[in-house]
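Here the structure comes first, spelled out in structure tokens, and everything after it is commentary.
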Amino acid sequence: MKNLTEIHVVGGKSLAGNISIQGSKNAALPMMAAALMHRGLSILKKCPKISDVFCMEEILKNLGAVTWWEDHDLYLDCTNADKTEIPGEFTRRMRSSVILLSAILARNHSCRMGYPGGCVIGKRPIDIHLMVLKKLGAVIREEKSGLKGKCTGFTGEYICFPRVSVGATQQAVMASVLAEGETVLENCAREPEVVWLCRFLKSMGANIKGEGTKQIRICGVSRLESGNFVIPPDRIVAGTYICAAAAARSEITLSRVPVEEMKAFLEVYQKIGGQYYGKSGTLKINGREACRPVPLVQTEIYPGFPTDLQAPLMAVLTGNPGESVIQEQIFEDRFGSACQMRKMGAHIEITGNRARITGGFPLRGTEVEAGDLRGGAALVLAALMAEGETCIRGAELIGRGYEHICEDLKALGCRIWQSGTRKKEYE
């Protein structure tokens, strides 16, 4: 997927088969950063081989870590990861690079890094990240070229987040686990990715209580031990493939599905007529009757409907007769894929943070451009419903979060291929 630039899809074919869900992107990245805080070897099992993970791996190597892969197990030897500067060429590629500030400052007491980048889906300020680090004892300077930080050692503090932020919660947790004294964090993000980071750190010897609630208490320890952890399955990838079954009016089977983390999404999936059966992480997905409109879906912080599945759901709703409304409450500029779907014949009207979808009009294959990771995946789903061939350009953005979307959908019967491969190999 590293060289992915275009995806071609010929729509109109139903899906069938069984695929397994990859490891979670949003769980893996902060765990990779946390591995820096142990001066030795850590192992992340079932780690997704996606471009964001490869980028984070390059950053760690640039800091002095030695890394290698054994199948999907990523080994991170951070014994000599004593460098303190991360060039902007790395940080501009993904916003989650900002999470490295706490890890590097806790370990090496100094850090210089370029400003974080990533997908263009609206304002994603890092002000809370910097507030947290300053309250815990760091001195941070915002310069034209990036961020410069120093810290002789973090000290426990009481911090109430002014707004819920997954990244800032993770930043605070990582800065606090080696801090002197106790840290109390209020108004914390409750997302599974925060919980998984805390569990990873606890497996390394951190003293953390309350993860998954609005208050997290951390008593600092003097050192962390080696981490050896299994990356959980990716709830957003699972949701995307459930949307694929709905878009193609098909039945598929998914294994390694984090059902408990997906309740809000699955409720909406059932409202549009979708069905699912199963247990122990294996679901039989029946999207044959997933053809109803939904009056209103609002994205919310966890445990509400996830913003990362807003665009894939929109793609499905373009094929459902009737009027549906999606209200985006997390990011103010996350309807970028809507104008691309309109090129395909979708009837979508954007007013502020609301998208009004009048579904049931036939889609036609054409050339579209992925503007962000999840919006790009949504265009692949729209292409499943379209008549003829769709070319999705900018597909390298999709490779930031989906390890093998072409191979997975091909295994389910989709006529799909990526640039650099022969079309007949995917038919």
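Please read all numbers here as calculations on a predicted model, not as lab measurements.
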In sequence, state the C-alpha distance, the side-chain angles, and the governing distance for Glu211 and Arg199, and then conclude on salt bridge (charged side-chain N to carboxylate O under 4.0 Å, His left out). CA-CA 8 Å; Glu211 65 272 19; Arg199 290 178 182 174; 5.1 Å; no
Which is it for Asp308 and Arg334 under the salt bridge (charged side-chain N to carboxylate O under 4.0 Å, His left out) test, yes or no, and what are the steps along the way? CA-CA 9 Å; Asp308 280 352; Arg334 201 159 198 182; 2.7 Å; yes
Salt bridge (charged side-chain N to carboxylate O under 4.0 Å, His left out) between Glu367 and Lys343, intermediate numbers included: CA-CA 8 Å; Glu367 187 174 293; Lys343 291 182 183 179; over 6 Å; no
For Asp82 and Arg107, run salt bridge (charged side-chain N to carboxylate O under 4.0 Å, His left out): C-alpha distance rounded to whole Å, both residues' side-chain angles, the deciding distance at 0.1 Å, then the answer. CA-CA 8 Å; Asp82 296 324; Arg107 175 190 172 116; 3.0 Å; yes
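Residue pairs meeting the salt bridge (Lys or Arg N to Asp or Glu O under 4.0 Å) criterion with at least one partner in residues 257-271, sequence neighbours excluded, are Glu260-Lys263. Applying the salt bridge (Lys or Arg N to Asp or Glu O under 4.0 Å) rule to pairs touching residues 276-303 yields Glu251-Arg288, sequence neighbours excluded.
Between the side chains of Thr307 and Glu328, at least one donor N or O sits under 3.5 Å from an acceptor N or O. Between the side chains of Asp77 and Thr79, at least one donor N or O sits under 3.5 Å from an acceptor N or O. Under 3.5 Å, the side chains of Gln418 and His8 contain no donor-acceptor pair of N or O atoms. Side-chain N/O atoms of Thr299 and Gln329 include no donor and acceptor closer than 3.5 Å.
In summary, of the residues considered (Val268, Leu317, Leu309), a side-chain contact (heavy atoms from CB on, under 4.5 Å) with Val297 occurs for Val268 alone.
In summary, Asp52 and Lys25 engage in a salt bridge, as defined by a charged side-chain N under 4.0 Å from a carboxylate O. Checked for salt-bridge contact, Arg39 and Glu225 miss the test: no charged N lies under 4.0 Å from a carboxylate O. At a threshold of 4.0 Å, the pair Arg356-Glu323 counts as salt-bridged, since one of the basic side-chain nitrogens sits closer than that to a carboxylate oxygen. For Glu58 and Lys61, the salt-bridge test passes: some basic side-chain N is under 4.0 Å from an acidic carboxylate O.
Note that the CD1 atom of Ile99 and the OG atom of Ser96 stand 8.5 Å from one another [nearest 0.5 Å]. From Leu313, atom CG reaches atom CD1 of Ile326 across 4.5 Å, with rounding to the nearest 0.5 Å. One finds the CE atom of Met94 at 13.5 Å from the CZ atom of Arg92 (value rounded to the nearest 0.5 Å). The CD1 atom of Ile19 sits 8.5 Å away from atom NE2 of His404, with the distance rounded to the nearest 0.5 Å. The line from CG of Leu412 to CD1 of Ile252 is 5.0 Å long, rounded to the nearest 0.5 Å.
Remark: side-chain polar atoms of Glu403 are not paired, donor with acceptor, to backbone N or O of Pro48 under 3.5 angstrom.
Between Phe265 and Tyr269, the two ring planes are parallel [angle under 30°; tilted spans 30° to 60°]. Using the six-membered ring where Trp is involved, Tyr75 and Trp68 have ring planes that are parallel, under 30° apart on the 30 and 60° scheme. Ring orientation note: the planes of Tyr402 and Tyr241 are tilted relative to one another, at an angle of 30° to 60°.
Using a 4.5 Å cut-off on side-chain heavy atoms (C-beta onward), Asp408 and Ile405 make no contact. For the pair Leu100/Cys111, no side-chain contact is recorded, criterion being any heavy-atom separation below 4.5 Å from C-beta on.
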